[in-house]
Amino acid sequence: MKGIVCEQPGQFRLVEMEEPAFVPGEAIIRIKRIGICGTDLHAYRGNQPFFQYPRVLGHELAGVIEEVGENTAGFRKGDQVSVIPYLHCGACIACRNGKTNCCTAMRVLGVHKDGGMRELISVPVSLLIKTEGLTLDQAAILEPLSIGAHAVRRAAVRSGETVLVIGAGPIGLGVMAFAKHCGATVIAMDINQERLDYCVRWANVDQTIHALDQPVEQLTAITDGHFPTAVFDATGNARSMTESFRYVAHGGTLVFVGLVKSDITFNDPEFHKREMTLMGSRNATKSDFEHVLEVVRTGRIDADRYVTHRAPFTAMIGQFDNWLKPESQVIKAMVEL
Ligand SMILES: NC(=O)c1ccc[n+]([C@@H]2O[C@H](COP(=O)([O-])OP(=O)(O)OC[C@H]3O[C@@H](n4cnc5c(N)ncnc54)[C@H](O)[C@@H]3O)[C@@H](O)[C@H]2O)c1
Ligand SMILES: [Zn+2]
Ligand SMILES: [Zn+2]
């Protein structure tokens with residue numbers, strides 16, 4: 001079978017690989033779609049910390065079951081599925097408490113272990129989601145949308161609440177869409193006007209703020225001085241994360257969806273006077289995937305327009321450099337097999 005290996009930063013190679021052998025408890029999936037995300041782009045660029053090469057990338061996966069043994073979940077050959085790419089241990093304190101998304105021994109397909117840029121992959125049956133009634137594209141974007149859905153669930157967003165989402169990349173867009181789905185009034189903030197415009201068109205956000213244009217004053221005006229009760233930072237930018245403490249209402253919640261490899265400091269009186277709740281949000285659980293599946297199935301989130309670029313499997317290598325360029329305006333690139 002064919003596979004694409006990222007051999008070192010900047011270098012993909014189409015290779016002939018050995019097909020996976022059937023393992024009890026696992027299923028062999030024929031990959032049909034691979035969504036490309038920031039992690040893949042960083043790995044290709046060589047600026048993903050602690051990343052080991054060679055690596056088969058790809059963790060936003062949809063396909064069809066090629067082979068599966070007896071299983072209680074009722075999976076059969078030919079079923080269309082989405083793969084939850086987070087291999088968790090099932091035994092650590094987080095897993096035992098149902099927080100498999102932050103397992104102490106987390107291994108993500110395509111990051112810590114070879115992922116889905118290949119014709120066939122074997123994955124534990126427990127990590128499959130049946131995606132009957134969804135298109136393959138929709139099935140492949142359950143993963144990035146689940147990151148946003150998980151963050152919104154963490155903050156327990158309620159109808160009527162005013163929410164600010166900073167960072168209008170594919171992750172922030174998912175947060176916006178699910179906050180809107182909860183009935184919140186959503187303000188999007190970014191430094192990229194094209195992306196802010198996209199938030200209005202795609203996630204139907206209520207307001208946008210350019211982060212360099214007096215954000216505190218704009219938030220004061222929009223919220224009558226009350227400020228958003230939930231603020232999500234999905235920028236991956238330390239400065240934005242530091243600033244975001246100032247945008248939270250008294251009694252409100254700040255959720256760090258984006259992450260940085262550095263320290264974030266904050267002023268305690270600003271934090272304390274608000275009795276602020278500060279949360280991290282990492283990955284997603286199976287129930288987040290199932291929730292996203294239902295919302296996408298009923299058409300309440302426009303999964304189709306989330307995919308902005310596409311390429312057939314063997315043409316992907318030639319497209320990748322293009323997708324790295326800001327002027328290509330990629331939100332989600334999709335590889336088809
Ligand atoms: N929680 C998780 O499990 C999880 C999963 C995947 C990705 N992430 C993280 O989420 C973050 C976002 O991912 P993405 O793929 O959407 O990234 P992205 O780079 O496509 O989007 C980030 C957006 O933030 C904007 N931005 C940057 N600096 C800003 C600033 N100072 N003020 C306002 N906006 C600013 C950028 O213009 C961009 O539109 C990254 O840090 C990524 O590592 C988290
Ligand atoms: Zn991803
Ligand atoms: Zn665990």
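For ligands, and for the atoms within them, numbers begin at 1 and follow the listed sequence.
For the residue pair Y86 and E143, a side-chain donor N or O sits within less than 3.5 Å of a side-chain acceptor on the partner. A donor-acceptor contact under 3.5 angstrom links the side chains of T235 and D233, judged on distance only.
In terms of polar-atom proximity, defined here as any N/O pair under 3.5 Å, L259 does make such a contact with ligand 1. Looking at I166 next to ligand 1, no N or O pair under 3.5 Å apart turns up. Not a single N or O atom of G172, backbone or side chain, sits closer than 3.5 Å to an N or O atom of ligand 1. Considering backbone and side-chain atoms together, N192 places no N or O closer than 3.5 Å to any N or O of ligand 1. Of the polar atoms of R282, none of the N or O atoms is found under 3.5 Å from an N or O of ligand 1, judged by distance alone.
The part of N237 lying near ligand 1 is the side chain, judged by heavy-atom distances below 4.0 Å. The proximity of T235 to ligand 1, defined as any non-hydrogen pair under 4.0 Å, involves the side chain as well as the backbone. Under 4.0 angstrom from ligand 1, the non-hydrogen atoms of P170 come from both its backbone and its side chain.
Below 4.0 Å from some heavy atom of G167 lie the following atoms of ligand 1, by number and element: 23 (C), 24 (O). Against a heavy-atom cut-off of under 4.0 Å, G236 is close to the following atoms of ligand 1: 41 (O). Heavy-atom proximity to A234, at under 4.0 Å, picks out these atoms of ligand 1: 11 (C), 12 (C), 22 (C). Every atom of ligand 1 with a heavy atom of S281 under 4.0 Å away is listed here by number and element: 1 (N), 2 (C). Each of the following atoms of ligand 1 lies closer than 4.0 Å to a heavy atom of S240: 30 (C), 31 (N), 32 (N). The atoms of ligand 1 that sit less than 4.0 Å from any heavy atom of G169 are 16 (O), 20 (O), 21 (O), 23 (C), 39 (O). Every atom of ligand 1 is numbered from 1 in the order shown, and the set under 4.0 Å from a heavy atom of A211 is 32 (N), 33 (C). Under a 4.0 Å criterion applied to the non-hydrogen atoms of I147, ligand 1 contributes the atoms 1 (N), 2 (C), 3 (O), 4 (C), 5 (C).
Not a single heavy atom of C37 sits closer than 4.0 Å to an atom of ligand 1. In this structure, R239 falls outside the shell of residues with a heavy atom less than 4.0 angstrom from ligand 1.
Among the atoms of H88, none of the N, O or S atoms falls under 2.8 Å from the Zn ion (ligand 3).
Rounding to 10 degrees, one finds that the Zn ion (ligand 2) sits at the corner of an angle of 100° between C37 SG and H59 NE2.
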- [ ] Please step through ring-ring contact (aromatic ring centres under 6.0 Å, His included) for the pair F51 and H42, ending with a clear verdict.
- [x] CA-CA 9 Å; F51 201 85; H42 287 306; over 10 Å; no
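Applying salt bridge (charged side-chain N to carboxylate O under 4.0 Å, His left out) to E60 and the options K332, K32, R33 leaves one that passes, K332.
Aromatic ring orientation, H291 versus H181: tilted (interplanar angle from 30° to 60°).
Between E243 and R239, no side-chain nitrogen of the basic residue sits less than 4.0 Å from a carboxylate oxygen of the acidic one, so the salt-bridge criterion is not met.
Atom 17 (O) of ligand 1 lies below 4.0 Å from none of the non-hydrogen atoms of the protein. Not a single protein heavy atom sits closer than 4.0 Å to atom 42 (C) of ligand 1.
Taking every heavy atom of both residues into account, H88 and L127 meet most closely at CE1-CD2, 4.0 Å. Contact between C199 and A188 at its shortest, heavy atoms only, is SG-CB, 3.9 Å.
When the options M241, H210, R195 are ranked by their closest heavy atom to atom 38 (C) of ligand 1, first place goes to R195. With atom 37 (O) of ligand 1 as the reference point, the heavy atom nearest to it among L173, L212, V175, D190 is part of D190.
Looking only at N/O/S atoms, E60 comes nearest to the Zn ion (ligand 2) through OE2.
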